[in-house]
Amino acid sequence: MSNVTTTPEIVTIDNLRTITRTRSLGYGISLIVLGAIEVLWFGSTPSSIHTQIQLAYNSATSVPELSSWLRVLVLVLGVLVLPLAFGPSVFSPLPRLPRAARIVAAIVGVLFVAWPISLWLGINQDGQIRDFLVSVSVTGYLFGAISAVVGAIVVWRRFDRLASPLLYAGIVLFILAFLIWVARITPIDNLPLPLTGILWGAIQWSPFLALGALAGTMSERSGVVNIAIEGQFIAGALVSTLVASAMNGTGISLWLALLLAGSIGMVFSWVLALMANRYRANQIIVGILLVSFATAVSQFISDAVLDVHQNLNQTLTLPTWNVPVLSRIPVVGPVLFAQNIIVYITIGMAVFTNVLLFRTRWGLRTRSVGEKPIASETVGINVFRMRYAATILGGFLAGLGGAALTLGKDTQFAFGMSNNFGYVALAIMIFGRWRPYGALVASLLFGFTASLGAQVSIWSGQTHIPGAFIDALPYAVTILVVSGLVGRIRPPAADGLPFVRR
Amino acid sequence: MKLELRGITKSFGSLVANKDISLVVEPGQIHCLLGENGAGKSTLMNVLYGLLTPDSGQILIDDKPITIRDPKDAVAHGIGMVHQHFMLIPVFNVLENIILGSEDVRPWPFIDREAARTRIEQIANEYNFQIDPDAIIENLPIGTQQRVEILKALSHNAKILILDEPTAVLTPQETDALIEILKTLKEQGTSIIFITHKLREVLAIADVITVIRLGEVVGSTTPDEVNEEELASMMVGREVDLVVDKTPATPGDVVLSVSDLYVEDDRGLTAVKGVSFDVRRGEILAIAGVQGNGQTELVEALTGMRPVVSGKVSLNGDNLAGRSVRHILDAGVAHVPEDRQVHGLIPGMSIADNLVLDQIHSPKFGGIFGRKIKAIRENAEVRRKEFDIRSPGIDTAVGELSGGNQQKVVMARELSRELKVLICAQPTRGLDVGSIEFMHKQIVANRDAGAAVIIVSSELDEVIALGDRVAVLYDGRVQDIVPPTTSREEFGLLMAGARSTEATGVTP
Ligand SMILES: Nc1ncnc2c1ncn2[C@@H]1O[C@H](COP(=O)(O)OP(=O)(O)OP(=O)(O)O)[C@@H](O)[C@H]1O
Ligand SMILES: [Mg+2]
């Protein structure tokens with residue numbers, strides 16, 4: 001073959017593939033540059049300088065010891081579970097499990113293997129997780145080398161599918177290296193770096209963002225753009241706090257609060273669906289109006305009711321659930337498996353929406369209506385009914401997301417607390433490619449970046465980095481990563497388009 | 001079942017698309033509807049299927065009046081329809097598209113995919129339609145999509161089956177297979193309404209033929225009473241010349257030269273494998289072949305819509321390979337794309353705007369302050385008359401035109417510039433005989449005015465009628481370039497992959 005031609009100049013669906021290839025080039029080079037900075041900047045620190053890494057999530061976390069034979073038992077269990085994650089490809093008699101089960105097997109297996117090993121390595125001291133020291137320069141060299149090598153591979157093999165997640169990982173590594181550098185022990189001070197605390201912070205962010213993104217996924221899959229998620233957050237947060245406080249936070253009141261928060265979300269979505277379906281209104285405008293409405297009402301109630309009757313705005317929280325066994329694993333146990341119930345509800349909802357959308361008849365019809373409603377109609381599907389149902393069901397999730405902001409985070413209601421997270425949830429929905437598990441993973445990633453950013457901003461005095469810049473970090477990273485997926489991210493074709501019967 | 005339509009009237013604004021139409025389809029009858037583009041055939045069928053509400057009129061099944069408010073009612077009454085513009089979800093796979101709306105659930109509410117797969121394989125075998133149930137619709141060639149659409153309709157076991165131009169994108173073999181299927185269904189008592197512009201098909205399968213013109217029934221007949229010419233004039237209301245009337249070509253210099261071209265398809269497989277040919281000014285090179293042998297990718301590569309992997313495309317010596325679509329169009333290449341609904345038109349925009357899409361950046365129709373509305377409108381009025389685009393006016397959205405008239409808009413736009421090369425993929429898809437005659441004349445006129453013309457068509461008749469030379473494409477390669485006088489059998493063999501026996505030295 002001769003005369004290989006240059007890349008075409010304009011973007012059509014057909015030549016996007018070529019363009020993503022060049023994208024992997026840019027992403028790979030960015031990784032190499034990040035790696036180089038890590039080596040040159042952090043790596044140049046004198047090798048005697050260390051940073052103290054704090055693994056305990058907080059000083060009160062005690063870690064149960066395991067007797068020697070229990071350690072062996074756990075290790076054996078882990079070794080037995082792990083191959084299930086791979087299935088017959090490593091050992092043919094193994095069953096081929098569904099993907100979700102394989103992921104669970106992988107997580108449990110790795111944790112069970114790591115648990116006794118970490119104990120043997122002496123992670124636990126007098127019932128407390130020990131802090132440990134890392135060398136700043138070694139971290140710089142190590143992270144830099146990983147980043148540069150991965151970057152080189154991305155460029156060399158033209159990994160267009162992996163380029164964007166890998167760049168994300170590279171940025172996270174960079175921020176970590178940076179934090180380790182900031183926290184280095186100097187003669188005047190020693191700030192331990194709370195690694196586990198950062199992870200914990202990430203999980204604090206996830207539930208409401210994920211629930212909001214799931215809500216968006218549901219309604220946009222049916223072809224209705226729900227930009228009112230912000231409003232549903234506000235309403236859900238307000239209603240859940242009011243209801244729970246009015247009943248003084250008794251057990252049943254919290255569950256009732258969740259239910260009613262979801263219901264108020266459904267009311268908002270019903271209005272949206274009505275305007276979108278019957279009156280064919282512009283869905284964006286309706287959404288914005290709903291947000292304004294929620295904001296105004298919440299301010300009024302906040303001033304006129306909550307400020308006067310403070311007992312109607314109590315700081316309440318849903319119970320914490322310790323997952324048996326798993327919550328006892330050092331470090332990750334208390335962070336991942338001893339969480340507010342809302343975390344498990346969120347995961348459950350992601351599984352639920354995924355099954356609903358991709359396994360059931362209802363889901364197939366809903367998605368068809370979001371892609372090409374006229375085609376759905378010709379096979380006897382009631383387009384409007386599907387759109388109402390999906391939007392309103394999504395509304396429940398968005399309302400629940402509001403409750404996650406209060407009852408899920410141990411906070412009372414405050415005007416403005418949703419802080420535009422409803423719109424962030426929409427970005428997460430896109431980042432998750434309109435898929436429930438995608439939304440879950442994307443919300444965790446965003447949460448993690450936000451949590452890292454929060455740590456940086458706590459230390460912004462030491463770093464001389466403007467606070468506003470740091471606050472923008474999670475958004476900037478999200479935009480960067482989302483834009484890297486352009487071409488493969490494709491919204492439902494009829495998203496936001498009113499259906500007109502002829 | 002017996003179906004009767006009584007006095008159906010349907011108008012869109014001032015345009016009366018159906019005027020008091022009455023029609024009876026007996027059980028086990030194949031009833032062909034014939035009519036010009038825009039005559040109102042699809043409208044009538046959409047009324048029957050519940051997609052449109054008639055202004056007046058009545059529908060009776062087995063002599064009992066029924067009401068059809070939406071397609072759900074139609075389906076419930078045993079009516080199935082293959083739509084002229086596919087009703088398939090592009091991002092779903094074949095299986096999902098076929099079961100949509102009639103999914104088996106076991107256990108409730110989960111879709112029983114295995115049962116669906118078995119059901120589809122069974123129907124596909126029964127009717128001898130090979131199809132991969134897991135293929136995503138948008139990756140399939142248009143002919144295969146049509147098969148999916150037909151399978152979908154068949155899978156519903158309709159008692160009354162409407163087929164709106166199902167053969168427009170099928171190969172002759174596929175059409176023959178479909179005709180066999182329809183005959184079987186007819187024997188089982190299914191009533192069939194069949195719409196087509198291909199008169200040969202009509203004469204082959206119709207029991208009754210009803211001709212519609214300008215929204216009104218103008219007559220009804222049977223295949224025994226008429227021949228193709230008579231049918232054609234019944235439809236159009238004048239004599240139609242069914243053979244292309246053209247003088248022998250007087251080829252000049254080579255205008256477009258393609259050498260050793262390699263192109264990949266959407267899946268990254270090589271679809272065009274080292275194609276070379278030259279086209280001279282004043283000649284028509286027809287590219288024949290069964291759909292899916294690289295025609296789509298070849299045309300898209302020539303017009304810049306698809307990257308060229310390697311090889312040369314030169315227009316009067318200038319390289320075109322890998323250049324942008326804009327560059328290629330401005331260099332004097334006109335392109336009538338294969339799928340007008342995806343590439344040729346913007347359905348929501350007016351006829352006038354669609355007619356200048358490719359020239360809106362030129363000073364003639366556009367400027368820094370936007371469009372030159374007056375020039376655009378004048379242009380539209382001229383083209384509408386010239387190409388006989390049937391519509392209420394030039395401001396009508398193209399999406400509201402009948403299928404054939406949409407095709408005319410594309411042709412009108414592409415033929416209205418200074419051309420060096422004209423590339424037409426399936427130029428007369430969905431056109432009625434009168435319009436085909438007109439289009440063929442236009443293409444020949446362009447040739448005689450000095451354009452180098454490439455016609456890609458899966459219609460052998462069209463290839464033979466138009467081509468001065470015929471290149472047969474098979475598995476991404478040019479099998480041979482032969483004169484149009486080659487026998488049909490010979491063409492059949494070439495298209496099936498055999499090498500030419502009579503090595504005709506027509507390759508320049
Ligand atoms: N939704 C619509 N709105 C306005 N006008 C329409 C609409 N649908 C069809 N028409 C008009 O009604 C007339 C009949 O169209 P129809 O699609 O029934 O023609 P047809 O006989 O199927 O033609 P073809 O052979 O080209 O498919 C055309 O003039 C068309 O422009
Ligand atoms: Mg039609």
Side-chain angles (χ1 to χ4, degrees), chain A residues 1-22 160 221 223 355-386 433-434 490-495 497 499-502, chain B residues 12 46 49-53 70-76 81 83 85-92 96-97 99-105 108-113 138 152 156 259-260 262 264 266 268 274 297 300 304-313 319 321-327 343:
Chain A
M1 295 207 265
S2 61
N3 209 337
V4 177
T5 53
T6 48
T7 331
E9 296 129 68
I10 64 147
V11 182
T12 70
I13 294 295
D14 293 331
N15 63 28
L16 255 173
R17 202 152 32 97
T18 326
I19 291 177
T20 35
R21 271 185 208 163
T22 35
D160 41 295
R221 278 286 181 177
V355 169
L356 200 59
L357 281 174
F358 294 101
R359 295 267 178 277
T360 68
R361 174 166 71 186
W362 186 87
L364 188 74
R365 293 182 174 184
T366 300
R367 285 183 293 133
S368 78
V369 159
E371 290 289 342
K372 194 168 168 184
I374 178 79
S376 315
E377 187 176 31
T378 60
V379 291
I381 293 171
N382 186 329
V383 175
F384 295 129
R385 195 188 301 164
M386 301 313 293
R433 299 192 215 171
W434 284 268
R490 197 161 62 168
D495 203 1
L497 303 178
F499 179 61
V500 188
R501 281 217 57 200
R502 288 177 296 173
Chain B
F12 298 105
N46 286 338
Y49 196 67
L51 280 168
L52 295 171
T53 323
D70 54 27
K72 210 179 159 81
D73 290 346
V75 172
M81 180 160 172
H83 300 266
H85 294 126
F86 307 142
M87 292 300 175
L88 299 171
I89 313 282
V91 296
F92 281 12
E96 290 165 335
N97 266 292
I99 63 174
L100 186 67
S102 55
E103 309 88 344
D104 287 326
V105 281
W108 187 89
F110 299 100
I111 292 175
D112 189 347
R113 279 175 193 263
E138 63 184 350
K152 185 170 97 176
H156 293 153
S259 67
D260 211 21
Y262 282 81
E264 285 180 357
D266 290 332
E297 289 79 9
E300 290 184 356
M305 289 163 59
R306 184 178 285 275
V308 169
V309 175
S310 74
K312 268 204 189 108
V313 178
N319 174 45
R323 303 308 296 266
S324 67
V325 175
R326 164 73 57 86
H327 178 96
H343 290 127

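Note on naming: letters A, B, ... go to the chains in the order of the sequence lines (proteins, then strands), and numbering restarts at 1 for each one.
- Only the side chain of B:Glu138 has a heavy atom closer than 4.5 Å to any heavy atom of chain A.
- Of the residues listed (A:Glu377, A:Met386, A:Arg221), the one engaging A:Val369 in a side-chain contact (heavy atoms from CB on, under 4.5 Å) is A:Met386, and it is the only one.
- Note that CZ of B:Phe110 and CG of B:Asp104 are 15.5 Å apart. Values are rounded to the nearest 0.5 Å.
- Within the 4.5 angstrom heavy-atom criterion, only side-chain atoms of B:Phe92, from C-beta onward, approach chain A.
- With respect to chain B, the highest number of heavy-atom pairs below 4.5 Å among A:Arg359, A:Lys372, A:Arg361 belongs to A:Arg361.
- Neither the backbone nor the side chain of B:His85 comes within less than 4.5 Å of any heavy atom in chain A.
- Interface remark: of the candidates A:Ser376, A:Pro492, A:Ser368, A:Gly363, A:Ser368 forms the most heavy-atom pairs closer than 4.5 Å to chain B.
- Residue contact with chain A, scored on non-hydrogen atoms closer than 4.5 Å, involves the side chain of B:Ile99 exclusively.
- Of the inter-residue distances, the one linking A:Ile374 atom CD1 with A:Phe499 atom CZ reads 5.0 Å to the nearest 0.5 angstrom.
- Ranking B:Glu103, B:Met81, B:Lys72 against chain A, the residue ahead of the rest is B:Glu103, based on heavy-atom pairs under 4.5 Å.
- Here the straight-line distance linking atom CD1 of A:Ile381 with atom CG of B:Leu100 works out to 4.0 Å at 0.5 Å rounding.
- One distance of note links CD of B:Glu96 with CZ of A:Arg365; it measures 13.5 Å at 0.5 Å rounding.
- A:Phe358 and B:Arg113 make their closest contact through O-NH2, 4.0 Å (heavy atoms, listed as atom of the first residue, atom of the second, distance).
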